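Okay, so here's the structure we're looking at.
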Amino acid sequence: MSGSSTVGGVPSVRPLSGTGPAGRLGTVIRESFVGRPCVVFSTAASHVAPVVKALIESGVTRVFVGVADDATGTAFGPQVTPHRIPVTAATRDGLAAAFTRALAEPSAELLAALDRFDPDRRALVLDTRDLPGDRLAGRQRYGWRRPEWAAVEDKTQVHRVWEAAGIPRTPSSVLPPRLDVLLPEAARLDTGEGTVWAADTRSGIHTAAEGTRWIRGEADGRRLLPFFADRCARIRIMPFVEGLPCSVHGLVMTRGVVVLRPLELIVLRDRDHGFVFAGTSTYWDCPPEPAHQIRETARAVGTALRRLCRYRGGFTLDGVLSPGGFVPTEVNARLGSGLNLESTRPDLRLELLQRVVREGDDASLHPEQLEAVMLTPWTASAPRT
């Protein structure tokens, strides 16, 4: 488009402005970042390109980008200092774990690069790793995820969230990885389609259903026990629920909870009875009645998270829309990949907004007004800069 520019291959979009709720959102984000250098870490340059773009459009003039792949091929622009952190792994969760270790114990090379970029150590660090403490290499981690927040992603503990939210849930049990207790309980909970076993987070948070298996009988349980025994100390068992997997995103703010529209989760089943997460679909329109149920369930969950661990920030509630209604299965204490607002609503700067909310710098924003803004379709023909 004539007159437009790109950062890291991502088209620039005019920030929200004006005196209404949308303009207030843009002002809050800008005031939180302008005038400070920023350091952004991620496993892939393509993942951070929208964040870098949003920072620059919000007034940040210098950004350090540390990634596991080669960032030199991404056209970030003169404001960006790229740096490669050489870690590799065979799986997505393995790469995340290796990258986390690299940030937890920064190499001399990385420390020197950061000090060249930011000798006064005034930069705000924007990382997505579960590291201890609010500092990294002597710099503030802005919008970091507190350990007690990450803990709610343990599927063997999520029943505490359901209970605090006061929502209906499917019966489940949490047991050690021993066949003498797992098989009888699986038989008891099986309603005819088998059961789903999910590992705890002893070996780290598992995403994309990597720690979950569909067990359709004793033979499956015996065959897959080593998979669980090698990675966890506790297993959650719940009945397999046939239906449409779906997810809804929310934002726990200082003054309330924002809830967006449900999305379809594309979940396939492999020959090993595992689940293959293949992405999300925003083309699916949930019927009004279950959509209301799912969104109100998410609002109750967000309120419960704030009460249980003073949670602030984005979250997802995942589950299955079955013939009997919505069955919640897990909570992710972070923004989900399926929201894709970098493409559909880039003007919202959602990744930056979440960090503002996590730090409690959102007191001037009204959740009900922000929810209305976020649910308003963005037109690609809107003015661009």
Side-chain angles (χ1 to χ4, degrees), residues 89-98 100 130 147 150-164 167-247 265-278 316-324 326-333:
T91 66
R92 179 168 63 177
D93 285 354
L95 180 62
T100 299
D130 290 323
V152 305
E153 296 204 21
D154 189 331
K155 296 175 182 61
T156 67
Q157 299 295 322
V158 75
H159 61 276
R160 296 174 52 243
V161 179
W162 308 152
E163 291 165 1
I167 59 176
R169 62 185 180 94
T170 298
S172 64
S173 296
V174 177
L175 299 167
R178 295 191 349 244
L179 287 177
D180 62 315
V181 293
L182 290 169
L183 292 179
E185 189 64 3
R188 185 184 74 83
L189 291 172
D190 189 348
T191 58
E193 298 285 349
T195 55
V196 176
W197 296 10
D200 63 20
T201 55
R202 186 189 71 181
S203 301
I205 291 174
H206 48 90
T207 60
E210 287 195 12
T212 306
R213 292 294 184 271
W214 181 14
I215 307 298
R216 295 191 285 187
E218 180 178 334
D220 282 350
R222 292 185 180 277
R223 180 173 57 84
L224 290 169
L225 179 66
F227 167 82
F228 288 100
D230 287 344
R231 69 183 300 159
C232 69
R234 309 284 285 179
I235 298 172
R236 182 192 69 181
I237 305 177
M238 63 179 293
F240 177 87
V241 178
E242 188 64 74
L244 189 146
C246 54
S247 177
L265 298 176
I266 310 300
V267 182
L268 311 178
R269 306 165 192 175
D270 65 20
R271 289 179 293 181
D272 195 37
H273 298 173
F275 298 105
V276 179
F277 176 63
T316 69
L317 171 66
D318 295 353
V320 178
L321 182 57
S322 73
F326 178 68
V327 178
T329 58
E330 66 178 83
V331 172
N332 296 308

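For the single chain, residues carry numbers from 1 onward in sequence order. Please read all numbers here as calculations on a predicted model, not as lab measurements. Values reported hereafter were calculated over all heavy atoms of this structure, with side chains retained and with hydrogens, waters and symmetry mates removed.
- Residues forming a side chain to side chain contact (heavy atoms under 4.5 Å, CB included) with Ala89 (at least two apart in sequence, or on another chain): Leu95.
- Every pair passing salt bridge (charged side-chain N to carboxylate O under 4.0 Å, His left out) that includes a residue from residues 234-244 is listed here, sequence neighbours excluded: Glu242-Arg269.
- For Asp220, the salt bridge (Lys or Arg N to Asp or Glu O under 4.0 Å) criterion is met by Arg223, not counting sequence neighbours.
- Remark: the backbone N or O of Ala233 is paired with a side-chain donor or acceptor of Asp200 at under 3.5 angstrom.
- Listed by chain and residue number, nothing satisfies the side chain to side chain donor-acceptor pair (under 3.5 Å) test with Thr329 (two or more places apart in sequence, or in another chain).
- Remark: Thr100 pairs with Arg129 by the side chain to side chain donor-acceptor pair (under 3.5 Å) rule, at least two apart or across chains.
- Residues that satisfy the side chain to side chain donor-acceptor pair (under 3.5 Å) test with Glu163, not counting sequence neighbours, are Arg169.
- In this structure, the side chain to side chain contact (heavy atoms under 4.5 Å, CB included) partners of Thr191, at least two apart in sequence or on a different chain, are Pro239.
- Qualifying salt bridge (Lys or Arg N to Asp or Glu O under 4.0 Å) partners for Asp154, counting only residues two or more places apart in sequence or in other chains: none.
- One finds the CD1 atom of Ile237 at 12.0 Å from the OG1 atom of Thr156 (value rounded to the nearest 0.5 Å).
- Side chains of Ser247 and Asp318: a donor on one and an acceptor on the other come within 3.5 Å.
- Partners of Ala97 according to the side chain to side chain contact (heavy atoms under 4.5 Å, CB included) rule, which considers only residues two or more places apart in sequence or in another chain, are Arg101.
- With sequence neighbours left out, the ring-ring contact (aromatic ring centres under 6.0 Å, His included) criterion links Trp214 to Phe240.
- The shortest non-hydrogen separation linking Cys246 to Leu265 is O-CD1, 3.5 Å.
- Evaluation of the side chain to side chain donor-acceptor pair (under 3.5 Å) rule for Arg216 yields His273 as partners, not counting sequence neighbours.
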Sequence neighbours left out, cut at 3.5 Å: what donor-acceptor pairs do the side chains of residues 174-183 make with other protein atoms?
residue	atom	partner	partner atom	Å
Arg178	NE	Asp180	OD1	3.1
Arg178	NH2	Asp180	OD2	2.9

